[in-house]
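Structure record follows, encoded as structure tokens.
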Amino acid sequence: MLRSFCLQLMSLLWILAAHHHFIQVAGDDCSDHCNLAHGSCEKDGKCRCDPGWEGKYCEHCVRMPGCGHGTCHQPWQCICQTGWAGKFCDKDVHVCEHQSPCRNGAECVYDRDGEYSCLCLEGFHGKDCELKTGPCEKARFPCKNGALCHDDNGFASNYTCKCLAGFTGAHCEIDVNDCLMRPCANGATCLDGINRFSCQCQVGFEGRFCTINIDDCASQPCTNGAKCYDRINDFDCLCPEGFSGKTCQLQAPEATWITESQPDDKDHNRALGSTTSSYPWMTQSEPAKVIVTGKRITNYSEKSNDDGLLISVKEVVTQQDSGLSQSQLILVLVFGGITILLVLVTVLLLLKNWQKGRRRSQSPSQTARKLQDQECQVGMLSTILIEPRKTTEL
């Protein structure tokens, strides 16, 4: 057992020594090959490059982004190869020799740094002489209001104008009236613009098309628990009992009802005599009983500041006789019509039954008359047949 333990311990020490030796060898190999001026060795033995350098050992520089046909000696350079020019080495120096970009018989001339120019023939223009002096240029580009003139690069016989939104016409000179469809509602004024319109709303409305009625009850103008009803630029308050006014802010006076009474002459004369003023120089007659038929009387009493005359004010409000409402009148008319219809149907049924009974009562008499006629005819025939026989016998 001790021997096996020793063998395991020796194996573990050998593995650790071998691993340490491998790491040391790998570290020595990275430092030997990695360009330490452009990178560094990591613990895992790999060469980590600095920005601007690439490759396994950081031996290559990174070219400028977009560099087409070029190389570099330092990071972010673009050194053009033979036959190429330009900042990104993407322009062919022999562009006029390899494939001339000039069109319509133009002559290509190389300038420098890969640039060229085309000597256009008469009637052509453009970078590569691809455009022709057509109807648009001859008419000095007649399209208005930002419209584009199209003539197929000058090769069309006539030009056309492609109008921007909100304009029409041969040269896009007409501003389309966006208010023709009357988009504004509720009496609003439509203001035309360029491919747009705006609505000037009447008081009480809002929104793009003035279709929203402003809620005049939003500010809760009604007081004392009244219910608010929105109107057009207005509101109505349904006041509870005992309040009045636009916003139910006033407290209504208490109303008293006086029953109808008919005074006799004696009571009336007595009342006239008992209504003299306490002041000997002032007398005022006032009835003791008030005759009111279907009226509501509200009394207000005020007294002067100098404790003088007592003033009594009576407000008489006539109560209108309550009649049938519209719905009740409609119900009465409907039920009246149904009743009349039922009466007519009943009368027609009675007449029909009476006529049937009359026909039945007349049918036996007619049958008897027919039988009597047949008997008379038979009797006459028998008389005619018997009389000749008697004469022959004689």
Side-chain angles (χ1 to χ4, degrees), residues 6-134 137 146 148-155 162:
C6 292
L7 289 174
Q8 291 178 359
L9 182 60
M10 290 177 66
S11 300
L12 181 61
L13 292 175
W14 184 82
I15 291 172
L16 292 175
H19 181 68
H20 179 71
H21 178 71
F22 175 77
I23 293 176
Q24 187 175 4
V25 170
D28 293 342
D29 184 69
C30 174
S31 60
D32 291 341
H33 297 85
C34 184
N35 191 343
L36 298 179
H38 305 150
S40 60
C41 292
E42 298 291 336
K43 293 182 179 180
D44 56 357
K46 293 182 179 180
C47 187
R48 184 77 60 181
C49 299
D50 295 335
W53 296 93
E54 61 183 0
K56 185 177 181 180
Y57 301 109
C58 305
E59 70 277 12
H60 300 297
C61 58
V62 179
R63 295 182 302 171
M64 178 189 296
C67 183
H69 303 275
T71 58
C72 65
H73 300 300
Q74 296 294 328
W76 321 122
Q77 288 181 343
C78 187
I79 302 172
C80 295
Q81 299 175 1
T82 304
W84 295 94
K87 183 178 180 180
F88 299 99
C89 301
D90 55 347
K91 295 180 179 180
D92 189 4
V93 174
H94 306 286
V95 60
C96 291
E97 299 175 4
H98 294 164
Q99 185 178 0
S100 178
C102 301
R103 300 167 58 183
N104 297 313
E107 183 182 355
C108 181
V109 178
Y110 177 75
D111 295 336
R112 57 184 179 83
D113 296 333
E115 297 295 336
Y116 67 93
S117 60
C118 296
L119 301 179
C120 301
L121 297 177
E122 185 178 359
F124 295 93
H125 61 280
K127 172 66 176 175
D128 298 330
C129 301
E130 74 280 7
L131 302 177
K132 182 181 178 181
T133 305
E137 190 171 356
L148 297 178
C149 185
H150 288 269
D151 58 359
D152 194 15
N153 292 330
F155 293 93
K162 186 176 181 181

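Keep in mind it's a predicted model, so treat the numbers as computed, not measured.
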Could you check whether the SG atoms of [X] and [Y] sit less than 2.5 Å apart, since that is the cutoff I want to apply?
X	Y	value
Cys80	Cys89	yes
Cys67	Cys78	yes
Cys118	Cys129	no
Cys120	Cys102	no
Cys30	Cys47	no

Enter the distance from [X]:[atom1] to [Y]:[atom2] here, rounded to the nearest 0.5 Å.
X	Y	atom1	atom2	result
Cys49	Glu54	SG	CD	8.0 Å
Phe124	Glu122	CZ	CD	10.0 Å
Leu131	Asp152	CG	CG	11.0 Å
Ile79	Arg63	CD1	CZ	11.0 Å
Asn35	Glu59	CG	CD	8.0 Å

Check for a donor-acceptor pair, side chain of Glu130 on one end and backbone N or O of Asp128 on the other, with a separation under 3.5 Å. yes

Glu115 side chain to Asp111 main-chain N or O, any donor-acceptor pair under 3.5 Å? no

Heavy-atom pair with the smallest gap, counting every atom of His60 and Gly55: CD2-CA, 4.4 Å

In terms of heavy-atom contacts, His150 and Leu148 come closest through CD2-O, 3.6 Å

Minimum side-chain heavy-atom gap [X]-[Y] below 4.5 Å:
X	Y	value
Val62	Trp76	yes
Trp84	Val93	no
His125	Glu137	yes
Asn104	Leu121	no
Cys108	Pro101	yes

Between Arg48 and Glu42, is the salt bridge (charged side-chain N to carboxylate O under 4.0 Å, His left out) condition met? List the steps. CA-CA 7 Å; Arg48 184 77 60 181; Glu42 298 291 336; 3.6 Å; yes

Find out whether the Lys NZ or Arg CZ of Lys127 is both under 6.0 angstrom from the six-membered ring centre of Tyr116 and within 45° of the ring's axis. yes

Which label fits Trp53 and His38: parallel for a plane angle under 30°, tilted from 30 to 60°, or perpendicular past 60°? parallel

